[in-house]
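I have placed the structure first, in the form of structure tokens, so that the comments after it can refer back to it.
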Amino acid sequence: MRKGIHPEYRPVVFRDRAADYAFLTRSTMTSEKTIEWEDGHTYPVVDVEISDVSHPFYTGTARVLDTAGRVERFERRYGKQS
């Protein structure tokens with residue numbers, strides 16, 4: 001790798017505001033906000049709106065759309081066009 005052209009890769013805390021969940025990982029993201037982590041060190045914190053903890057697909061609360069039922073309901077309501 002060439003020196004001086006790559007962003008700094010360092011520990012960063014990502015915080016899911018919807019689920020009140022945070023995890024420490026390494027990233028090139030930067031932030032002005034910081035947080036003191038469980039190990040006593042201070043790390044930059046990046047707030048995210050959704051993560052695997054709060055996303056419906058991963059939590060098992062995802063709804064399966066009944067597209068066949070919707071089509072039938074539409075045809076009943078407006079009549080089937082031939």
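All residue numbers in this chain count up from 1 along the given sequence. Remember, predicted model here, so these are calculated numbers, not experimental data.
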What donor-acceptor contacts under 3.5 angstrom involve side-chain atoms of residues 7-15, with partners at least two apart or in another chain?
unit_1, atom_1, unit_2, atom_2, d
Arg15, NE, Asp47, OD1, 2.7
Arg15, NH2, Asp47, OD1, 3.0
Arg15, NH2, Asp47, OD2, 3.4

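By the side-chain contact (heavy atoms from CB on, under 4.5 Å) test, Asp39 pairs with Trp37, His41, Tyr43, sequence neighbours left out.
Under a hydrophobic-cluster definition in which Ile, Leu, Val, Met, Phe, Trp and Tyr are linked whenever side-chain heavy atoms come within less than 4.5 Å, directly or via other members, Leu24 and Met29 are assigned to different clusters. In terms of hydrophobic clustering, with Ile, Leu, Val, Met, Phe, Trp and Tyr side chains grouped at heavy-atom distances under 4.5 Å, Val48 and Ile35 are assigned to different clusters.
When atom types are taken as modelled, the side chain of Thr34 and the backbone of Pro44 share no donor-acceptor pair closer than 3.5 angstrom.
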